[in-house]
Novice: 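I have a structure here, written as structure tokens, and I will follow up with some questions on it.
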Amino acid sequence: MNTTVDQADFFKTLEEKSDNGALRGDYSRCDANYVVQQDWNAYTPEQHELWRRLYQRQAKLMHGRACDVFIESLARMDAADGIPRFDQTSEALRKATGWELVAVPGLVPELTFFEHLANRRFPVTVWLREPHEFDYIVEPDVFHDFFGHVPLLFNPTFADYMQQYGKGGLKALKLDGLTHLARLYWYTVEFGLIQTEQGLRAYGAGILSSGGEVEYCLTDPAPRRIAFDVERVMRTLYKIDSYQETYFVIRDFQQLFDGTAPDFSPLYERLGKLPDFAADTLLPGETNIAPNGSKGA
Ligand code: PHE
Ligand code: FE
């Protein structure tokens, strides 16, 4: 695909999406794949300090809430002392699962994003939020991308799933399946829950990088928690400006991989003609899985 056309398109969509049409990152230095240098030396002491505060608050919340592989990988990543150097993490990741990190100025076009994933490259935003955005941020920053997404890439099955998702994205672009495929990303990579012998745990990056939702998603009685099913997920609308009204629960990463392995072409065909489900739907016959800490859970 022609990068220039793609790029013009991308900025147009972002302008439509954001109030002032402004992009937060600096896109003037990126290459055709939207990759930049991390320029680690340019981070200020104040930014490293803010990172440490974000990291400490969040790391404390992981015990009993994040799945084991997240906690184990995070410990290995050695990112507590300041904004990490992406190339050091890449080195460890390459050895573990063959993935690497690439630095990007911020959101990138869908095609670019899928191409990175399909080639086992995870794009990480270089800029860090401002202190007043400590608890909430609209666009993904380096803390969300790195703390939330990178630990799971050390798990071989999840790492394979992410690559397959990227390939699936390239395919969905041609099949008009992106709306449905994006919901799969949302309800797994960003907001997925996993069932363990100790109870429910989170593996989604949107949850694990959030100070509040990480507890809410596991213990609050309000949201629905439904067993993962690809077709059900793809039909379900989602919230972008509040906690989720539904979480989908996997048994293990193998289920995620196997459940999404079949060719989605006929599924996109079928789903194109079926209505969506509201984000707070519980269908007849569906079990609402009990939250942690409730009786019988
Ligand atoms: N099986 C999907 C397809 O045929 C590819 C895919 C795999 C998509 C895993 C998402 C996640 O398009
Ligand atoms: Fe994310």
Side-chain angles (χ1 to χ4, degrees), residues 24-25 54 58 66 70 99 101-108 110-129 133 136-153 155-192 202-210 213-214 217 228-235 238-241 244 248 250 252-272:
R24 195 151 170 184
L54 283 162
Q58 208 58 26
F70 184 93
W99 274 74
L101 307 183
V102 289
V104 291
L107 295 168
V108 300
E110 278 145 355
L111 173 70
T112 308
F113 182 67
F114 295 142
E115 274 174 347
H116 282 309
L117 297 187
N119 290 288
R120 292 175 101 84
R121 296 188 299 260
F122 192 79
V124 178
T125 301
V126 288
W127 58 265
L128 181 67
R129 67 192 68 188
E133 298 166 303
Y136 184 76
I137 181 151
V138 185
E139 282 173 57
D141 72 336
V142 58
F143 185 73
H144 165 80
D145 282 345
F146 192 96
F147 186 99
H149 286 284
V150 178
L152 265 286
L153 293 173
N155 176 270
T157 313
F158 188 85
D160 287 347
Y161 169 69
M162 286 293 273
Q163 178 179 28
Q164 290 313 114
Y165 185 91
K167 290 187 187 170
L170 295 171
K171 192 165 123 185
L173 279 170
K174 296 184 208 127
L175 297 175
D176 203 16
L178 221 51
T179 308
H180 291 111
L181 188 71
R183 293 176 188 157
L184 180 64
Y185 192 89
W186 190 265
Y187 280 121
T188 62
V189 179
E190 295 291 353
F191 292 96
Y203 71 89
I207 298 173
L208 293 169
S209 63
S210 154
E213 192 156 2
V214 68
C217 72
F228 176 79
D229 172 86
V230 175
E231 185 164 336
R232 173 66 163 87
V233 169
M234 285 198 181
R235 288 183 67 180
Y238 56 80
K239 299 281 163 176
I240 54 165
D241 48 12
Q244 298 308 303
F248 289 97
I250 60 169
D252 51 36
F253 294 119
Q254 197 59 47
Q255 181 198 13
L256 189 57
F257 187 87
D258 294 343
T260 52
D263 178 12
F264 286 171
S265 313
L267 189 55
Y268 294 143
E269 268 299 313
R270 196 143 40 83
L271 293 182

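Both counts, for ligands and for their atoms, begin at 1 and track the order of listing. Just so we're clear, the structure is a prediction, and the values are computed from it rather than from any experiment.
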Novice: What atoms in ligand 1 come closer than 4.0 Å to a heavy atom of Asp263?
Specialist: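 Close to Asp263: 4 (O).
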Novice: Output yes when the distance from some N or O of ligand 1 to some N or O of Gly168 is under 3.5 Å, and no in every other case.
Specialist: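 No, no N or O pair falls under 3.5 Å.
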Novice: Between Trp99 (side chain) and Ala159 (backbone), is there a donor-acceptor pair under 3.5 Å?
Specialist: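 Indeed, once roles are kept as given, a pair shorter than 3.5 Å links the two residues.
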Novice: Please state whether Leu181 comes within less than 4.0 angstrom of ligand 1, counting heavy atoms only.
Specialist: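 Yes.
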Novice: Does any part of the side chain of His116, heavy atoms only, come nearer than 4.5 Å to the side chain of Val102, both counted from C-beta?
Specialist: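 Val102 vs His116: side chains touch.
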Novice: Step through the shown structure and confirm whether more than 12 heavy atoms of other residues, nucleotides or ligands are within 6.0 Å of CG on Asp176.
Specialist: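 Count not over threshold, so no.
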Novice: Ignoring angles and geometry beyond distance, decide whether Lys171 reaches within less than 3.5 Å of ligand 1 through its nitrogen or oxygen atoms.
Specialist: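 N/O-N/O distance below 3.5 Å exists for this pair.
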Novice: Closer than 4.0 Å to some heavy atom of Tyr165 - which atoms of ligand 1 meet that?
Specialist: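 Answer for ligand 1: 9 (C), 10 (C), 11 (C).
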Novice: Heavy-atom pairs closer than 4.0 Å: do any link ligand 1 to the side chain of Pro262, the backbone, both, or neither?
Specialist: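 For Pro262, only backbone atoms sit under 4.0 Å from ligand 1.
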Novice: Please list the nearest protein heavy atom to atom 7 (C) of ligand 1 with its residue and the distance rounded to 0.1 Å.
Specialist: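 Checking every protein heavy atom, the shortest distance to atom 7 (C) of ligand 1 gives Thr260 O, 3.3 Å.
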Novice: Any N/O/S atom, side chain or main chain, of Asp145 closer to the Fe ion (ligand 2) than 2.8 Å?
Specialist: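 Checking the Fe ion (ligand 2) against Asp145, no N, O or S atom falls under 2.8 Å.
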Novice: Counting distance only, does the side-chain N/O of Tyr165 pair as donor-acceptor with the main-chain N or O of Leu181 below 3.5 Å?
Specialist: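 The answer is yes, because a donor-acceptor pair under 3.5 Å joins these two groups.
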Novice: Any heavy-atom pair between the side chains of Asn155 and Tyr203 that's under 4.5 Å?
Specialist: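 Contact flag for Tyr203/Asn155 side chains = no.
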Novice: Report the name of the N/O/S atom of Glu190 located nearest to the Fe ion (ligand 2).
Specialist: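 It is OE2 of Glu190.
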Novice: Taking only heavy atoms of Ala261 into account, list the atoms of ligand 1 that are under 4.0 Å away from them.
Specialist: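 Ligand 1 atoms under the 4.0 Å threshold to Ala261: 1 (N).
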Novice: Can you tell me the protein heavy atom closest to atom 6 (C) of ligand 1 and the distance?
Specialist: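 Of the protein heavy atoms, Gln164 O, 3.6 Å lies nearest.
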Novice: Evaluate the side chain to side chain donor-acceptor pair (under 3.5 Å) criterion for residues Thr188 and Tyr161: first the C-alpha distance (whole Å), next the side-chain angles of each, then the deciding distance (0.1 Å), finally the verdict.
Specialist: CA-CA 10 Å; Thr188 62; Tyr161 169 69; 2.9 Å; yes
Novice: Is Phe264 in polar range of ligand 1, meaning some N or O pair under 3.5 Å apart?
Specialist: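 N/O-N/O distance below 3.5 Å exists for this pair.
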Novice: Hey, do the aromatic rings of Phe70 and Phe147 have their centres closer than 6.0 Å?
Specialist: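 Ring-ring flag for Phe70/Phe147: true, centres closer than 6.0 Å.
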Novice: May I ask you to decide whether Arg24 forms a salt bridge with Glu133, counting only side-chain N to carboxylate O separations under 4.0 Å?
Specialist: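 So Arg24 pairs with Glu133 through a salt bridge.
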